Structure formats: C-alpha cells, structure tokens
Amino acid sequence: MEGKKMAEGDEDLPRDAKIVKSLLKSMGVEDYEPRVIHQFLELWYRYVVDVLTDAQVYSEHAGKAAIDSDDVKLAIQSKVNFSFSQPPPREVLLELARNRNKIPLPKSIAGPGIPLPPEQDTLILPNYQVAIPKKQPAQAVEETEEDDDSADPNSSQEPKTDAPQQHTPQRVSFPLTKRTK
C-alpha cells in the first residue's frame, strides 16, 4: 500500500527531483525529510551554474563562439582542484602532532568543580541603581518660608521657578566589588 502512495507522490515531482530521489534510494537511504531533495536540487543547480559560467569564461578567453566539451571539462577540473583539497600526508600530520605534544599543558589553577570565568567577565553580576531623593538642608527650607511671608501675599500663590524642586531623585550607580572572606 505504501508503494502505491510513494508512486502516486512521485508523479507530482519534477524530473530532477525524481532523479535525486532515485540516487538516494540507490545509495540505501530510505528515511529522509522531504526538504532534503530540495536542498540537493539547490546544490546541484548552483554547481551546474558555476561550472557553466566558468566554461563560458574559458570559451571567451580562447576566442570561441560557443562553449564546447573541453571548456566544460576544464571548468569541472578547476572546480575540483579549487573546492576539494587533499589533506596533508599522514607523516606530516604525525610530525606536527609530536611537535605540539612536546609542549606541556599549563597547570590547572581551578579548584574542584566546574571552572567559571572571573566575576567581572560574567553577565550575571548584580547591578544596583539606587535612587536618592535630593533634600535641601533644614535651615535653607526655613529661610525660604520666612522670605515668602515677607513678600507680597498675592505673589505667594504663583509658583516660583527659581526654587529647586525638593523631590527630584538623584540616581547613583556604583560597581560592586568582590567581598573578601
């Protein structure tokens, strides 16, 4: 029954998607997400466009009117040489490993448990901001009240703009230092 469903679903797929699906099946890949086919198609199209663009450049450089198979072969060969590099020989890697392993690791200065970064490098430090209201000294408040009494009684109803506001909070922030035990 599933074979019929798969066959019915294949009829809706484009030819290139059917080819990718058959390639996956021939390699023994049975279980995959449907978007895998689309990702392979995108990779395939991008590779073909890159190869044909390079082949066109080679053809123009040779003074040809059209791209021929030699241009495509040269483009594929340059793509393989450029994209896929061979790792260094095993002997070279072993020599590099011996040289690197001659240098001892630094001694661990951390105590037991998981080593954590210093507190100043973490983002979870407490950061306090304290709002302190500005208060005028008691003597200065009394003097301003006496001055208001001696002034014109009508002017006391108007708000004074020269006097500083008493309830304007002042923000103070400070970094916390590490406590010594």
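In this chain, residues are counted from 1 in sequence order. All values derive from a computational prediction rather than experimental measurement.
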Over 12 non-hydrogen atoms of neighbours within 6.0 angstrom of NZ in Lys18:
yes

If hydrophobic clusters are built from ILVMFWY residues whose side chains come within less than 4.5 Å, do Val72 and Val80 share one?
yes

Report yes or no: do Val48 and Val20 belong to one cluster of Ile/Leu/Val/Met/Phe/Trp/Tyr joined by side chain heavy-atom distances under 4.5 Å?
yes

Tell me who clusters with Leu43, hydrophobic residues only, linked when side chains sit under 4.5 Å apart either directly or through other members.
none

Side-chain cluster (under 4.5 Å, hydrophobic types only) that Tyr58 belongs to, other residues:
Leu74

First locate atom [atom1] of [X], then atom [atom2] of [Y], and finally report the distance between them rounded to the nearest 0.5 Å.
X     : Y     : atom1 : atom2 : value
Ile76 : Asp54 : CD1   : CG    : 10.5 Å
Thr53 : Lys79 : OG1   : NZ    : 8.5 Å
Tyr32 : Phe40 : OH    : CZ    : 10.0 Å
Leu94 : Asn99 : CG    : CG    : 11.0 Å

Pairing residues for Arg98 by the salt bridge (Lys or Arg N to Asp or Glu O under 4.0 Å) criterion, not counting sequence neighbours
Glu95

Partner set under salt bridge (Lys or Arg N to Asp or Glu O under 4.0 Å) for Glu91, not counting sequence neighbours:
none

Compile the donor-acceptor pairs under 3.5 Å between side chains in residues 60-69 and protein atoms, sequence neighbours left out, one pair per line.
| from | atom 1 | to | atom 2 | distance (Å) |
| --- | --- | --- | --- | --- |
| Lys64 | NZ | Asp68 | OD1 | 3.2 |
| Lys64 | NZ | Asp68 | OD2 | 3.1 |
| Lys64 | NZ | Asp71 | OD1 | 3.2 |
| Asp68 | OD1 | Asp70 | N | 3.4 |
| Asp68 | OD1 | Asp71 | N | 3.2 |

Just by distance, do the side chain of Ser26 and the backbone of Leu23 share a donor-acceptor pair under 3.5 Å?
yes

N/O donor-acceptor pair under 3.5 Å between Ser59 side chain and Ala55 backbone:
no

Quick one: are Ile19 and Trp44 in side-chain contact, heavy atoms under 4.5 Å?
yes

Run the side chain to side chain contact (heavy atoms under 4.5 Å, CB included) test against Arg46 and tell me which residues pass, sequence neighbours left out.
Glu42, Asp50

